[in-house]
Novice: 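Encoded as structure tokens, here's the structure I'll be asking about.
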Amino acid sequence: MNRVTALISGVRLITRTDLTQVASYFPFTVPGLPLTCHLARFLATKQGKSPNNVQKVKRNLDKQEVEIMQRMTVSALAQAMNKDFDHIFEALLNTSMDLDSLEPQSILEEKWIKEVVKRSGMKFKWAKLVESKERENKDTQRRPPPDTSVLVSRPPVVTIMGHVDHGKTTLLDSLRKSQVAAGEAGGITQHIGAFLVQLPSGEKITFLDTPGHAAFSSMRARGALVTDIVILVVAADDGVMKQTIESILHAKKAHVPIIVAVNKCDKPQADPARVKQELLAHDVVCEEYGGEVQAIHMSALKGDNLLELAEATVTLAEMMELRGDPTGLVEATVIESRTDKGKGPVTTAIVQRGTLKKGCILVAGKTWAKVRFMFDENNCTMKEAGPSNAVEIVGWKELPSAGEEILEVESEKRAREVVEWRCYQDEQDKQKEDLQAIEVKQQEHLESYKKDREPLAHLSWRQRKSALYKANRKLMAMRPSEKVEPQELSLPLIVKGDVDGSVEAILNILDSYDAHDQCQLEVVHFGIGDVSENDLNLAETFSGEASVLAMFDVTVGKKKVTVAGCRVQKGQLDRKMKFRLLRRQNIIWEGSLTALKHHKDDVQVVKTGMECGLSVAQDIEFKPGDEVVCFEETETPQLISWDPGF
């Protein structure tokens with residue numbers, strides 16, 4: 001030890017760390033150091049290495065590497081880490097992050113992204129930014145106006161408009177000698193019908209019959225935009241009504257001339273003069289009052305003055321000198337679309353330019369078609385359809401929406417390019433809208449976060465943490481998937497219709513719903529066609545339903561209680577509702593629960609995917625595989641303040 005002291009004292013005052021280093025060269029223990037070292041002598045070789053090739057061993061710390069980028073959403077980060085949403089939530093506990101506002105689509109700041117990765121025992125690397133080239137516009141457009149030398153005379157397209165049940169369909173029925181009205185729901189037109197009528201004199205007129213019901217405003221507007229003349233049907237015994245006024249506005253907006261058909265003049269209480277006077281208030285001036293609007297007194301049911309109405313229409317069309325271009329690529333408009341069990345997706349369209357033939361490649365919206373068959377209003381096949389012709393087109397890959405523009409393209413490849421481009425454009429627009437909505441929501445959350453913490457600004461860091469912990473204690477103890485939302489009245493809807501326009505009209509009415517504070521209204525699915533098994537399965541997801549996994553007994557006081565361990569499969573279980581035990585679709589028991597627990601806690605609601613224990617007052621034998629369904633019986637209708645307009 002004296003040798004060591006002498007060696008050390010001759011150099012400098014050393015620290016305990018220095019002693020540790022010195023001790024590594026001596027085969028004894030230095031007093032006061034909890035370390036025993038052995039002498040290791042290294043002899044130099046020609047290569048400058050020890051003879052035993054002793055090398056330092058580097059600990060291998062392999063951490064999972066996570067690719068991150070700016071403005072990642074919670075779900076994107078979870079996917080990059082191969083974790084779930086709950087993991088991200090737990091990693092941000094005890095931070096200043098506003099966890100109450102955290103959702104899968106929430107955008108995280110860079111510091112929180114790094115913090116989650118760090119707390120998860122991983123390391124991050126920035127994802128390589130790939131510059132996306134601007135895609136070439138592959139859309140197709142209408143052709144320039146045609147040369148007047150190729151124009152030929154064409155039939156007028158006439159739209160029948162008016163208030164509900166004023167006789168529009170009966171008028172068309174008399175004109176084309178068919179019984180459409182008898183087969184419709186409630187005798188009211190449910191969608192637009194397009195028909196070509198040939199008069200005894202040989203002239204042809206294409207008629208569009210639009211619904212008069214208040215719900216179908218958009219369909220009337222669509223009819224006005226593709227028409228040349230509007231026949232406004234007004235019942236002589238009823239006068240000008242709400243949809244009559246709306247039809248006038250649609251016609252004026254589309255700059256379309258009007259012919260007034262004063263219908264039901266055969267009724268005793270009919271008063272045609274009063275109808276024409278009422279129309280004056282809406283700038284519809286008939287010829288009797290010095291105006292230019294023709295008014296025909298008629299009875300569609302008895303067929304009185306039908307020929308006079310047709311002649312008035314032909315006369316007006318001749319004055320308008322209607323002409324069309326039958327050459328080149330086809331341009332048309334979708335009037336209606338539906339799914340036919342035998343034909344598949346079918347559209348009713350009005351050809352506006354070109355001549356449609358079998359084999360034409362068409363694009364409408366985000367779908368395309370190779371025309372397989374064409375049918376007229378009588379379901380007879382057509383070889384071709386020129387300007388102003390109404391035609392049913394079969395061959396669509398998917399249903400286009402009513403009102404879509406139909407354009408012919410050169411090939412199937414070109415059609416796919418157009419559809420792909422339009423889908424891409426829609427995705428870009430949707431992403432921009434979503435980003436704006438997310439930014440607005442995040443700004444609201446940030447302002448709320450700052451507001452909630454303003455009262456804590458005067459506290460010290462430790463006091464603030466303590467106060468936040470107490471305020472968020474329940475939130476921290478509960479995963480997002482286990483949060484119990486307040487129970488509100490809600491009505492999930494699945495809307496199905498026979499044609500696209502009917503579904504559109506219903507959705508437009510539902511968009512006007514304004515009583516969300518009284519009852520939440522949510523359209524979970526909509527489509528065209530019959531109600532399918534998938535629709536029924538979707539509807540079932542909005543009931544509470546659980547399966548029994550196992551049974552066990554617990555002691556409450558001196559009494560043993562049977563508890564069924566369950567997992568919620570669909571919807572949610574609500575303790576305040578009634579319950580039904582099903583075994584092989586047979587009802588075993590029906591009643592109320594005495595207890596509903598999640599882990600060891602009494603809860604009011606258990607949601608999909610969560611496990612729970614439930615018990616009942618009666619002595620019921622649960623078996624694995626049994627189904628537990630909760631339901632509510634109500635007899636009093638719920639009244640709300642919403643007025644749908646009809």
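What you see is a predicted model, and the numbers here were worked out from it, not measured in a lab.
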Novice: For Glu287, look at atom CD and say whether over 12 heavy atoms of other residues, nucleotides or ligands are found less than 6.0 Å away.
Specialist: yes
Novice: As an exercise, state the distance from CD1 of Ile258 to SG of Cys286, rounded to the nearest 0.5 Å.
Specialist: 9.5 Å
Novice: Can you pull out every side chain to side chain donor-acceptor pair (under 3.5 Å) where at least one residue sits in residues 381-390? Sequence neighbours excluded, please.
Specialist: Arg154-Ser388
Novice: Only one of Leu322, Val314, Leu316 forms a side chain to side chain contact (heavy atoms under 4.5 Å, CB included) with Glu318, so which one is it?
Specialist: Val314
Novice: Can you tell me if Arg422 uses its side chain to pair, donor with acceptor, with the backbone of Gly365 under 3.5 Å?
Specialist: yes
Novice: What heavy-atom pair brings Ala235 and Val275 nearest, and what distance separates the two atoms?
Specialist: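 Here Ala235 and Val275 meet closest at O-CG2, 3.9 Å.
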Novice: Considering residues, nucleotides and ligands other than Lys358, do more than 12 of their heavy atoms fall under 6.0 Å from its NZ?
Specialist: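 Check fails, neighbour count at 12 or below.
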Novice: Could you go through the side-chain contact (heavy atoms from CB on, under 4.5 Å) check for Val409 and Glu417 one step at a time?
Specialist: CA-CA 10 Å; Val409 293; Glu417 285 180 349; over 6 Å; no
Novice: Using the rule given for side-chain contact (heavy atoms from CB on, under 4.5 Å), can you reason through Thr367 versus Glu404, listing the C-alpha separation, both sets of side-chain angles and the distance that settles it, and then say yes or no?
Specialist: CA-CA 10 Å; Thr367 186; Glu404 293 278 12; over 6 Å; no
Novice: Short question: side chain of Ser174, backbone of Ala300 - any donor-acceptor pair under 3.5 Å?
Specialist: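 Yes; at least one donor-acceptor contact below 3.5 Å.
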Novice: Using side-chain heavy atoms (C-beta onward) and a distance below 4.5 Å, is Val226 in contact with Leu208?
Specialist: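 Touching, per the 4.5 Å side-chain cut-off.
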Novice: Would Ile296 and Ile231 satisfy side-chain contact (heavy atoms from CB on, under 4.5 Å), going step by step from the backbone distance to the final call?
Specialist: CA-CA 10 Å; Ile296 310 297; Ile231 292 181; over 6 Å; no
Novice: If you compare all heavy atoms of Val334 against all heavy atoms of Pro400, which two are closest, and at what distance to 0.1 Å?
Specialist: CG2-CG, 4.3 Å
Novice: May I ask you to test the Glu331-Leu407 pair for a side-chain heavy-atom distance under 4.5 Å?
Specialist: yes
Novice: Specify the closest pair of heavy atoms between Glu408 and Cys360, including all atoms of both residues, with the distance to one decimal.
Specialist: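 That closest heavy-atom pairing would be OE2-SG, 3.6 Å.
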Novice: Might you point out which heavy atoms bring Pro387 and Gln352 nearest each other, and give the distance in Å?
Specialist: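 Taking Pro387 first and Gln352 second, the nearest heavy atoms are CB-O, 4.1 Å.
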Novice: So for atom CD, which belongs to Gln198, do other residues, nucleotides or ligands contribute more than 12 heavy atoms lying within a distance under 6.0 Å?
Specialist: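 Result for CD/Gln198: enclosed.
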Novice: Do the side-chain N and O atoms of Asn263 and His166 include a donor-acceptor pair separated by under 3.5 angstrom?
Specialist: no
Novice: For the backbone of Gly239 and the side chain of Glu278, can you confirm whether one donor and one acceptor N or O come within less than 3.5 Å of each other?
Specialist: no
Novice: Just checking Lys366: does its NZ atom have more than 12 heavy atoms from other residues, nucleotides or ligands closer to it than 6.0 angstrom?
Specialist: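 Not buried by this count: 12 neighbours or fewer within 6.0 Å.
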Novice: About how many Å separate CG of Asp426 and CD of Glu433, when rounded to the nearest 0.5 Å?
Specialist: 9.5 Å
Novice: If I take atom NZ from residue Lys343 and atom CG from residue Asn379, how far apart are they, to the nearest 0.5 angstrom?
Specialist: 3.5 Å
Novice: Answer yes or no: is there a side-chain heavy-atom contact under 4.5 Å between Leu196 and Glu377?
Specialist: yes
Novice: So Val330 and Lys357, do their side chains get closer than 4.5 Å, heavy atoms only?
Specialist: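 Counting from C-beta outward, Lys357 and Val330 never come under 4.5 Å.
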Novice: One pair to check against side-chain contact (heavy atoms from CB on, under 4.5 Å): Arg414 and Thr140. What are the steps and the verdict?
Specialist: CA-CA 9 Å; Arg414 179 73 180 108; Thr140 185; 4.0 Å; yes
Novice: Do Leu171 and Met298 come close enough that some side-chain heavy atom pair is under 4.5 Å?
Specialist: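 Heavy-atom side-chain distance check passes, below 4.5 Å.
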Novice: Treating Thr227 as the side-chain partner and Thr159 as the backbone partner, does any N or O pair qualify as donor plus acceptor under 3.5 Å?
Specialist: yes
Novice: Do Val230 and His250 come within less than 4.5 Å of each other through their side chains, counting heavy atoms only?
Specialist: no
Novice: Thinking salt bridges, do Arg338 and Glu392 make one under a 4.0 Å N-O criterion?
Specialist: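 Looking at Glu392 together with Arg338, the answer is yes, because their closest N to O distance falls below 4.0 Å.
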Novice: Evaluate the side-chain proximity of Glu420 to Lys138: yes if any heavy-atom separation is below 4.5 Å, no if none is.
Specialist: no
Novice: Quick check for you: to the nearest 0.5 Å, what is the distance between Glu405 atom CD and Arg142 atom CZ?
Specialist: 4.0 Å
Novice: Answer yes or no: are there more than 12 heavy-atom neighbours, outside Glu136 itself, under 6.0 Å from its atom CD?
Specialist: no
Novice: Going by the side chain to side chain contact (heavy atoms under 4.5 Å, CB included) test, name the single residue among Asp228, Ile229, Val256 that passes it with Val157.
Specialist: Asp228
Novice: Compare every heavy atom of Arg353 with every heavy atom of Pro144, then report the nearest pair and how far apart it is.
Specialist: O-NH1, 2.9 Å
Novice: If you look only at pairs with a residue in residues 297-312, which of them pass as a side chain to side chain donor-acceptor pair (under 3.5 Å), with sequence neighbours excluded?
Specialist: Asp266-Ser299, Lys276-His297
Novice: Mind checking whether Leu510 and Val495 have side chains closer than 4.5 Å, heavy atoms only?
Specialist: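 Answer yes - side chains close enough.
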Novice: Scan residues 395-423 for pairs that pass ring pair (Phe, Tyr, Trp, His ring centres under 6.0 Å), counting only residues two or more places apart or in two chains.
Specialist: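 For residues 395-423, and leaving out neighbouring residues, the ring pair (Phe, Tyr, Trp, His ring centres under 6.0 Å) pairs sorted by first residue read Trp421-Tyr424.
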Novice: Could you measure the distance from the CD1 atom of Ile248 to the NE2 atom of His282? Nearest 0.5 Å is fine.
Specialist: 6.0 Å
Novice: What are the two closest heavy atoms between Asp340 and Gly342, and how far apart are they?
Specialist: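 Looking at all heavy atoms of both residues, the shortest contact is OD1-N, 2.9 Å.
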Novice: Drop me the distance from Ile205's CD1 to Leu309's CG, to the nearest 0.5 angstrom.
Specialist: 8.0 Å
